[in-house]
Amino acid sequence: MVVVRATVSTYMEIMRHMAFEQGNNGQADVPAEPEYRYNAELAQKIEDKWQNRWQQQGSFWAANLDGKLTDGSGKHADGRTPYFVMDMFPYPSGKGLHVGHPLGYIATDVVSRYHRMKGENVLHAMGYDAFGLPAEQYAVQTGQHPRITTEQNIANMRRQLHRLGLSFDDRRSFATIDPGYMRWTQWIFTKIYNSWYDPEFVRKDGGTGSARPIDELVGAFKSGKRTIPGHETESWESLDALEQSDVLNDFRLAYISKSPVNWCPGLGTVLANEEVTSEGRSERGNFPVFQRELRQWSMRITAYGHRLIADLDMLDWPEKVKLMQRNWIGESHGASVHFEVETPSEPKDMKVYTTRPDTLFGTTFAVVSPEHSLLDSVPEDWPSDIPSEHRALWTGGYATPAEAVHAYRLEAEKKTSKDRVDEQNEKTGLFTGLYATNPITGAKLPIFTADYVLMDYGTGAIMAVPGGDDRDYDFATKYGLPVVYTVKPLADADDDLSNYEGKSAFVSHDGIVINSSTERTERLGDALSLDGLRVDDAIARVTAWLQKAHVGEGTVSYRLRDWLFSRQRYWGEPFPVVYDDDNIPHTLPDNMLPVNLPEVPDYTPKTYDPEDAETNPEAPLSRNDEWVHVTLDLGDGPKRYHRDTNTMPNWAGSCWYYLRYIDPDDSRHMVDPAECEYWLGPHHNETAGTSGGVDLYVGGVEHAVLHLLYSRFWHKILYDLGFVDSMEPFHKLFNQGMIQAYAYTDSRGQYVPAAEVEEHQDGSDTTYTWNGEPAFREFGKMGKSLKNIITPDEMYGTYGADTFRLYEMSMGPLSESRPWNTRNVIGGMRFLQRLWRNVLDENSGEVKVVDEQPDLKTLKLLHNTIHDVTEEMEAMRPNTAISRLIVLNNHLTSLKAVPRSVVEPLVVMLAPVAPHICEELWEKLGHADSLSSTQWPVAKEQYLGKDNVTAVVQVKGKIRGKLEVSPDISADELQALALALPAVQDHLGGKPPRKVIVKAPKIVSVVPQL
RNA sequence: GCCCCAGUGGCGAAAUGGUAUACGCAUCGGACUUAAAAUCCGACGUUGCGAGACAUGUGGGUUCGAUUCCCACCUGGGGCACCA
């Protein structure tokens, strides 16, 4: 039985241990390591040296065209191609980093260094996304102001990242909390607020629909070119300020509305849809979330739904992320159908949304959501024609429809979002006493209210087709409503309808319409028959018919909701908005920005019993009266105003930070237009495509919809308004995998420190013990609670930053998740040591390379390696690139003397991954320049071919022989050689082959007679 | 339920229609050493004395040839989920 420590254990530790013991025994000195051996201690020295030198020399500064960050070359950074590579904005948490965090940062650093060596002008910077809930919660726990703890966290994270040797342009670093940055976040908000979406506007890229200044809309109202919704007969001037404000509010891209929002009493704030899990709980804190009608800020992201889907086609993103965005936006094409409803006061128009207008003939009732406005117009008494056997169920036992509706609304409000949308739940609902008229058949349909219909999708009302829809079928069954079948699935086209008795027919698009015709009527005109049509044809025909009869039209609907933009928290950007005495909002002019956070007696959010839905948000910013109530001159003399006390969500700051990297100190622009065009404009280099945008954006897939969707949305607004000229923010997206880790439990299921667990191998069985007791291995994330955290600091101490970088880059493909295994790190260390020894003598420190010409075999290996490594780097596969470099280095190790002309390109090619040791070797090899400005090697064509290749001979797909042949052997010659092989003859059994496939010079495949 | 991705030695993995297991870890053997570490050289899918046979989650298919392409299933991971 062999005992292996599963922990960080290198010969270094063992040596130190021995030194300690022997010192105690007063015995002979430890055999000293060679003085110039590449070990953790030396690595640390080298790393410090180069990190300082890079910083002093500004080795990684990206040159702007003009301004403070220009390199003075006069034009376009000396004509170099720009390359913009970014990591996702990190959140400086108080917990510090573990070895999983820097994976993406190392990857982008390798890419950055590689592109610099290709002679490009590389922009690579790192800032901090510093507002948000965790910072606030951490501050509450420690009793300090979030600004203090956040700044400490940023400093700590900077230190840890610096130690990795990342090649950032440190002049371009900032945090979202910096007033100079926040000012522009607020400025962008005012631009969005003062814009509306004109669906007819033709953009410069040829597309239709664009954000436009709200003044253009006001102009159209004034000139009468556009009628004023809700005031169709009035002139703009005849409306008072409040009415004007309300009208514009319905058009603005940032607007205030009283609508059902996600209220989370446990966090004391409202949340965006994207921040609520499918369990109906908050993503942060896992508290229940309730639907409540509250006045809140929203952003009209739905106006961009179509462009956000369509423009994905321009992007070089993982298909998986594109798909997630498409699904999240959920564009569906259908029709809005108008049903007339008799109410006590007047006839009303009830619009329903359906993707299947072809099933209108199968509609047997209608359902509106509990929040629907129609419920304000229910009759005073129950109609007399309620089927008596269903009366109790339909009325819920309430005396009047109004009472029933009121009670049902209250009940719906009390349910969590989860309870409301849980498919498992039995459908509930009540009759409203109202009837709708089917516009096609004239049939009278009872209208129910039920919470399975959602107010914020479609129109909040549906035509129920129990013959085709499972949900409607469930409801119809419970409430005794009739079922009519109007579509036969194509597969069952010959079946008669009795086959569908007792179930819904699940109406797929693959079917034939039946039972769907009507005569010409006085009211609606033409007769309509869909019978016998395929579903898609029927949809087209009925939609055209509805449109002609003015009782409906084709519409597009989105699953995506407008983005709820306000939060009732302290640690976020304040809204640059004040209200006058009439409560009309005004955005603050540019010269009054930024609006800084006020000091408040208590920045803790007001939270409630997480289950108590009957509570209201209270914004912490409202606790400072002096800040809230101000006198300002907004152009019409000093007046009293009160400030908006909400803060923006965490996403605001991360929506546009990439723009600020380009031009971080500009006090006149959000980003200088010329710099922005150079770095982001479409075709700014060959990889950016027509969309333009950041050349490479690396981050976790967890932001697939949230950050990446919001950021695209803002970018498109800024594009429409002419502030940026790329259509998309991020041209290429790459999702790095997660580094996972083993965790160990004892027999009671408690986690034990993973670093102290011992691994035992007994034959093929592996067992684990901790403190002599059996332990059990599981696989998951790295985290404090699992007691399996390994920090970068530990890795620096035992191996150095280069080995750590090398290990992370070599452990597997970047996009895959995989377990961390400290035991394997030593392999990278050994590689670096062997390379070190190939260049210099460990004992003397003297460079030992020779200037003689390498042999042909070595040259061929070198140039093939250059060729292949270049390919691997382009494809972001550092793992395979590294393995090729190891092969080359192993070959050098086997030579009697190491040729300079081979080891130098090897050092250059390894530099992106292990920059410090390579810089040191490069210097020792006699070069004065930093590797960061050294050219990437180019493979020489004449060494890429091979003298002899091994041709494989297969019979019926099995290898029966190998031949060493010249690479330019003819097919006939190779075939003859192959057929002459005794093994081939044996397998042919004396008969001539049926067929021979020759792919000279690599393969001969012989097919024997049957 | 719907959609997407993955499954290869003891382990991390390589190979995208043409020699399966490159590279690294672990393990074993050898050289060096008084000894150990380090280093260097070598072995290392299973089975068989061997020729060989069998092996890329399972079962089929296409092909002269399949880890790679197609179909079905199993397992694991992820996304969406009363969206009309």
Side-chain angles (χ1 to χ4, degrees), chain A residues 2 4 11-12 14-15 18 30-31 33-34 37 39 278 318-321 323-324 326-328 330 332 334 352-356 359 367 420-425 427 450-454 456-465 468-472 474-475 557-561 701-702 704-705 759 761 763-766 806-807 810-813 815-828 830-831 833-834 837 842 877 879-880 882-887 890 893-894 950-959 962 983 993-997 999 1002-1008:
Chain A
V2 190
V4 189
Y11 67 94
M12 275 301 298
I14 294 160
M15 293 294 283
M18 284 173 61
V30 190
E33 277 201 338
R37 167 155 298 180
N39 57 26
S278 59
E319 277 309 315
K320 177 189 163 147
V321 176
L323 193 68
M324 281 167 70
R326 282 192 196 102
N327 289 342
W328 186 264
S332 86
V352 307
Y353 175 74
T354 176
T355 54
R356 296 298 300 276
T359 61
V367 187
R420 232 186 111 158
V421 300
D422 196 339
E423 275 176 83
Q424 319 308 332
N425 288 354
K427 302 260 175 301
D451 62 8
Y452 80 92
V453 174
L454 310 173
D456 52 2
Y457 184 75
T459 58
I462 61 158
M463 52 179 235
V465 185
D469 184 288
D470 290 327
R471 297 154 299 174
D472 297 343
D474 291 347
F475 195 86
S557 203
Y558 294 92
R559 207 193 76 100
L560 181 72
R561 308 289 197 268
V701 72
E702 67 272 16
V705 279
E759 182 181 316
Q761 276 179 357
S764 60
D765 290 338
T766 308
L806 184 66
Y807 173 62
S810 66
M811 61 199 288
S815 55
E816 301 298 313
S817 295
R818 63 202 147 263
W820 176 269
N821 202 338
T822 301
R823 201 163 66 179
N824 291 352
V825 179
I826 189 68
R830 286 186 191 140
F831 165 47
Q833 286 174 330
R834 260 197 305 271
R837 271 197 300 271
E842 284 190 313
R877 287 192 297 256
N879 53 324
T880 44
I882 290 165
S883 90
R884 304 306 298 266
L885 296 175
I886 294 175
V887 171
N890 286 350
T893 308
S894 72
T950 311
V952 175
V953 183
Q954 296 176 336
V955 178
K956 233 183 145 188
K958 300 251 185 226
I959 295 148
K962 292 175 186 176
R994 182 157 65 101
K995 198 173 169 191
V996 182
I997 295 134
K999 294 266 167 77
K1002 292 215 66 167
I1003 202 147
V1004 180
S1005 190
V1006 181
V1007 188

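Naming convention: chains lettered A, B, ... in sequence-line order (proteins, then strands); numbering from 1 in each chain. All values below were derived from every heavy atom in this structure, side-chain atoms included, with hydrogens, water molecules and symmetry-related copies excluded.
- Atom CG of A/D469 is separated from atom OG1 of A/T355 by 9.0 Å, given to the nearest 0.5 angstrom.
- Here A/I959 lies in heavy-atom contact (under 4.0 Å) with sugar-phosphate atoms only.
- Contact check, A/R471 against B/rA81: no side-chain N or O comes under 4.0 Å of OP1 or OP2.
- Atom-to-atom, CE of A/M463 to P of B/rC83 comes out at 15 Å; the value is rounded to the nearest Å.
- A/V453 comes within 4.0 angstrom of a nucleotide base, judged by non-hydrogen atoms across all strands.
- Among B/rA84, B/rG79, B/rG12, the nucleotide with an atom closest to any side-chain atom of A/N824 is B/rG12.
- Between A/Y353 and B/rA84 there is no side-chain N or O to OP1 or OP2 distance below 4.0 Å.
- Contacts of A/S810 with the nucleic acid, taken as non-hydrogen atoms under 4.0 Å apart, are absent.
- The cationic atom of A/K427 (NZ for Lys, CZ for Arg) does not lie both less than 6.0 Å from the six-membered ring centre of A/F475 and within 45° of the ring axis.
- Scanning all heavy atoms of the two residues, the minimum distance from A/Y457 to A/S332 falls at OH-OG, 3.2 Å.
- Comparing the P positions of B/rA81 and B/rC3 gives an interatomic distance of 16 Å, to the nearest angstrom.
- Of the candidates B/rA22, B/rG18, B/rU39, B/rG18 carries the atom nearest the A/Q954 side chain, counting heavy atoms from C-beta on.
- Taking atom CD on A/E816 and atom C1' on B/rG77, their separation rounds to 11 Å, with Å as the unit.
- Minimum atom distance to the side chain of A/M324 is reached by B/rG79, of the listed B/rU39, B/rG79, B/rC82.
- The distance from atom CG of A/N327 to atom C1' of B/rC5 is 14 Å, rounded to the nearest whole Å.
- Interatomic distance, OH of A/Y452 versus CG of A/D474, reported as 8.5 Å (0.5 Å rounding).
- Residue A/R559 is in base contact, counting any heavy-atom pair closer than 4.0 Å across all strands shown.
- The separation of B/rA22 from B/rU8, taken at their P atoms, amounts to 16 Å, rounded to a whole angstrom.
- Counting distance only, with no hydrogens placed and no angle test, the side-chain atoms of A/R834 and the base atoms of B/rC40 include no donor-acceptor pair under 3.5 Å.
- Put simply, CG on A/L806 is 12 Å from P on B/rG24, counting in whole angstrom units.
- Taking the syn range as angles within 90° of 0, the glycosidic angle of B/rG10 is outside it, so the base is anti.
- Side chain of A/R561 to main chain of A/D456: a donor-acceptor pair is present (N/O by atom type, distance under 3.5 Å, no hydrogens or angles).
- To the nearest 0.5 Å, the span separating CG on A/N879 from CD on A/E816 amounts to 10.0 Å.
- Among the nucleotides B/rC64, B/rG18, B/rC40, the one closest to the side chain of A/R837 is B/rC40.
- Here the separation of B/rA72 from B/rU21, taken at their P atoms, is 32 Å to the nearest Å.
- Looking at heavy-atom distances under 4.0 Å, A/S332 makes contact with sugar-phosphate atoms alone, never a base.
- Rounded to the nearest Å, the gap between the C1' atom of B/rG29 and that of B/rG65 is 38 Å.
- Contact annotation for A/I886: backbone-only contact, meaning every heavy-atom pair under 4.0 Å involves sugar-phosphate atoms and none involves a base.
- Taking atom P in both B/rA20 and B/rG45, one finds a spacing of 14 Å when rounded to whole Å.
- The residue A/R884 sits apart from the nucleic acid: no heavy atom pair falls under 4.0 Å.
- Contact annotation: A/K958 side-chain N/O to B/rC54 OP1/OP2 distance is under 4.0 Å.
- A gap of 30 Å separates the C1' atoms of B/rA26 and B/rG52, to the nearest Å.
- For the atom pair CD of A/Q833 and CD1 of A/I826, the computed distance is 6.5 Å after rounding to the nearest 0.5 Å.
- The main-chain N or O of A/N821 is found under 3.5 Å from a side-chain atom of A/Y807 such that the two form a donor-acceptor pair.
- Put simply, A/R326 has no side-chain N or O that comes within less than 4.0 Å of OP1 or OP2 on B/rC4.
- A heavy-atom distance below 4.5 Å is not found between the side chains of A/R356 and A/V465.
- Look at the P atom in both B/rA14 and B/rC49: the space between them is 35 Å, to the nearest Å.
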_Pairing string, 5' to 3', for RNA chain B - Watson-Crick or wobble contacts under 3.5 Å, brackets [ ] where pairs cross, | to another strand_ = (((((((..(((.....[....))).(((((.......))))).(((....)))..(((((..]....))))))))))))....
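- Across all strands, A/I1003 comes closer than 4.0 Å to base atoms (heavy-atom distances).
- Between B/rC82, B/rA13, B/rA26, one nucleotide has an atom nearer to the side chain of A/R818 than all others, and that is B/rA13.
- A distance of about 40 Å separates the C1' atoms of B/rA38 and B/rA6, rounded to the whole Å.
- Nearest to the side chain of A/V952, among B/rA84, B/rC82, B/rU19, sits B/rU19.
- Side chain of A/V887, nearest nucleotide from B/rC23, B/rA84, B/rA26: B/rC23.
- When rounded to the nearest whole Å, the span between CG of A/D474 and C1' of B/rG1 equals 14 Å.
- You'll find that the side chain of A/I997 is closest to B/rG18, out of B/rG18, B/rA26, B/rA84.
- Each of A/K999 and A/T880 has a nearest nucleotide on RNA chain B; the 5'-most of these lies closest to A/T880.
- Using a 4.0 Å heavy-atom criterion, one finds that A/D456 contacts no nucleic acid atom at all.
- Across the protein-nucleic acid pair, A/Y558 atom OH and B/rC83 atom C1' stand 14 Å apart, rounded to whole Å.
- A distance-only check finds a donor-acceptor pair linking the side chain of A/R818 to the backbone of A/P813 [under 3.5 Å].
- Of the residues near RNA chain B, A/K995 and A/W328, the one whose nearest nucleotide (by heavy atom distance) lies more toward the 5' end is A/K995.
- As judged by a 4.0 angstrom heavy-atom cut-off over every strand, A/K1002 is placed among residues making no nucleic acid contact.
- Taking NZ from A/K962 and CD1 from A/I1003, the interatomic distance works out to 11.0 Å, rounded to the nearest 0.5 Å.
- Regarding contacts with the backbone of B/rG24, a side-chain N or O of A/N890 is found under 4.0 angstrom from either OP1 or OP2.
- Ranking B/rC3, B/rA22, B/rC40 by closeness to the A/S883 side chain, first place goes to B/rA22.
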